[in-house]
Protein chains: 2
Amino acid sequence: MSEPDHVDEIISAWHVQLPEIAGLPLELAKRSALLTAAFDEVAARELERLRLTQAEYGVLAVLRRVGEPYRLRPSELTGALLLSSGGTSNVLKRLGAAGLVSREADADDGRSTWVRLTPRGVEVAEAAVRAVTAAHARIVDRIPRAEAELLNNVLKDVLAAVEEGVLVRR
Amino acid sequence: MSEPDHVDEIISAWHVQLPEIAGLPLELAKRSALLTAAFDEVAARELERLRLTQAEYGVLAVLRRVGEPYRLRPSELTGALLLSSGGTSNVLKRLGAAGLVSREADADDGRSTWVRLTPRGVEVAEAAVRAVTAAHARIVDRIPRAEAELLNNVLKDVLAAVEEGVLVRR
DNA sequence: ACGAAAAAGCTATGTGGAAAGCTTTATGCT
DNA sequence: AGCATAAAGCTTTCCACATAGCTTTTTCGT
């Protein structure tokens, strides 16, 4: 065992107060939340510089990732991100106003439209993805390589076990 | 290696589109986010039943955890949760209106007040903490015991390495 | 072919929490 | 002691996103 960290303090407080609370589930939930918060924290700082919200970033990243012609339907974006259809609509309106995406009617399905990155949208998407990934890399660089890879592998296994029943996509 | 999961698909999409993006930092960030989302998801469902927001739950849990007389200053709550001072204020107003916390002036420091769980607040706090922990335990139960403990230990080590410079408390 | 039900996506409204600014009280410097 | 600065916490404003309901179009059953 390593020396006590901040989560250990929480655990031992619960151990005194309500012993049945202090267990592995609490530890895992807290530690997982802390690691995610660290990633989110640095990503948020980068996105603030670029004047993008998390949701906007998500849309740009998904559109860039699908490759030419950088085009998807709103419903596909709603599904790929964890966003409501109304939320997607708002985000697309903002991105449209900023000139980062354009929209065109779908010839086959009159209910639907295509959302497409503009050339500037492609640029911003790439800049944002690079900035966020670089920020994440600065965190991972603090971890010894072997340990980071171990964590990744264990996480993958665990997620495979966990995700059989919980929603979660991305 | 295990078989490809959903994150692997994202990685390979980036590998085609912008190869420098597809790396360990992205994988770790995504997998960490997914695990945290799984925990948050089930916790949110429990809290919804109890008519509590995440922030309200946080306040109740911290107050219950410090033990008798279940009392802290708003600034201590602001620090313990990841909340702004204004956000803390709003949450306390709601909890006060719901009869779960009471407030009393601090005799020593006129700027400050004490926030204290009412008897009902203690009950609700315990019910909420038990419900959330039980929900988390249902997730952890899907993971083989040895692997869950391995993950916890690796996470702890990694956090120790990462947290030297990133904020993050709780 | 026609009506019912489902699907896509938009609009309107609600909400939780952040940010900034204000008031009051405490502290520190000279 | 007296003034300036800092700290505590509340109020106000704002914003991103969720939820619910609506319109339009498609699909499916008969």
Side-chain angles (χ1 to χ4, degrees), chain A residues 33 37 40-41 43-45 47-60 62-63 71-98 100-116 128 167 170, chain B residues 37 40-41 43-45 47-48 50-60 62-63 71-98 100-116 128 167 170:
Chain A
D40 287 352
E41 161 78 24
R45 268 208 273 273
L47 295 180
E48 195 176 6
R49 283 196 314 110
L50 295 166
R51 301 269 183 262
L52 292 174
T53 66
Q54 276 282 348
E56 288 160 356
Y57 170 71
V59 168
L60 293 181
V62 171
L63 284 172
R71 196 177 73 152
L72 288 174
R73 291 190 186 78
S75 58
E76 295 175 302
L77 291 168
T78 297
L81 313 165
L82 295 174
L83 252 155
S84 65
S85 81
T88 303
S89 212
N90 285 333
V91 169
L92 292 179
K93 195 190 317 180
R94 291 201 301 272
L95 289 175
L100 303 182
V101 305
S102 63
R103 319 203 49 172
E104 52 194 90
D106 182 336
D108 297 338
D109 189 335
R111 299 168 302 178
S112 186
T113 61
W114 290 100
V115 180
R116 183 170 177 165
L167 77 153
R170 185 162 301 195
Chain B
D40 287 352
E41 161 78 24
R45 268 207 274 273
L47 294 180
E48 195 176 6
L50 295 165
R51 300 266 183 267
L52 293 174
T53 66
Q54 276 283 350
E56 288 161 356
Y57 170 72
V59 168
L60 293 180
V62 171
L63 284 172
R71 195 178 74 154
L72 287 175
R73 291 188 186 80
S75 58
E76 294 175 303
L77 291 167
T78 298
L81 313 165
L82 296 175
L83 253 158
S84 66
S85 82
T88 303
S89 214
N90 285 334
V91 170
L92 293 179
K93 195 191 315 182
R94 291 201 301 271
L95 290 175
L100 303 182
V101 305
S102 63
R103 322 213 35 178
E104 52 194 86
D106 182 335
D108 297 340
D109 189 333
R111 298 168 304 178
S112 187
T113 61
W114 289 100
V115 179
R116 184 171 176 162
L167 74 153
R170 188 162 297 197

Scan [X] against the nucleic acid and name what it touches under 4.0 Å (heavy atoms): base, sugar-phosphate only, or nothing.
X         : value
Ser112(A) : sugar-phosphate
Thr88(A)  : nothing
Gly110(B) : sugar-phosphate

Report the nucleotide, chosen from [options], that has the shortest atom-to-atom distance to any side-chain atom of [X].
X         : options                   : value
Arg73(B)  : dG9(D), dC10(C), dA18(C)  : dG9(D)
Ser89(B)  : dA18(D), dG17(C), dG9(D)  : dG9(D)
Asp109(A) : dA26(C), dT26(D), dT12(D) : dT26(D)
Thr53(B)  : dG16(C), dA18(D), dC10(C) : dG16(C)

Rounded distance in Å - [atom1] ([X]) to [atom2] ([N]):
X         : N       : atom1 : atom2 : result
Leu92(B)  : dT11(D) : CG    : C1'   : 14 Å
Leu77(A)  : dC17(D) : CG    : C1'   : 16 Å
Trp114(A) : dA8(C)  : CH2   : P     : 13 Å
Glu56(B)  : dT15(C) : CD    : C1'   : 11 Å
Tyr57(A)  : dA16(D) : OH    : P     : 18 Å
Asn90(A)  : dT15(C) : CG    : P     : 17 Å
Asp40(B)  : dG16(C) : CG    : P     : 17 Å
Leu47(B)  : dG16(C) : CG    : P     : 13 Å

Problem set entry | Whichever of Ser84(A) and Arg111(A) has its nearest DNA chain D nucleotide further upstream toward 5' |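 Nearer the 5' end of the strand: Ser84(A).
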
For this session: With DNA chain D as reference, determine whether Asp108(A) or Arg94(A) sits nearer its 5' end, using the nearest nucleotide of each.
Result: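 Of the two residues, Arg94(A) wins.
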
Check whether any side-chain N or O of [X] sits under 4.0 Å from OP1 or OP2 of [N], and answer yes or no.
X         : N       : answer
Arg51(A)  : dC15(D) : no
Arg103(A) : dA8(C)  : no
Thr78(A)  : dG9(C)  : no

What's the separation between atom [atom1] in [X] and atom [atom2] in [Y], rounded to the nearest 0.5 Å?
X         : Y         : atom1 : atom2 : answer
Thr113(A) : Leu92(A)  : OG1   : CG    : 7.5 Å
Arg73(B)  : Trp114(B) : CZ    : CH2   : 3.5 Å
Leu83(B)  : Thr88(B)  : CG    : OG1   : 4.5 Å

For this session: Using a 4.5 Å cut-off on heavy atoms from C-beta on, say whether the side chain of Leu47(B) contacts that of Thr53(B).
Result: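 Not in contact.
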
For this session: Measure the shortest side-chain to side-chain distance between Lys93(A) and Asn90(A) over non-hydrogen atoms and say whether it is less than 4.5 angstrom.
Result: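 Yes - at least one pair of side-chain heavy atoms lies under 4.5 Å apart.
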
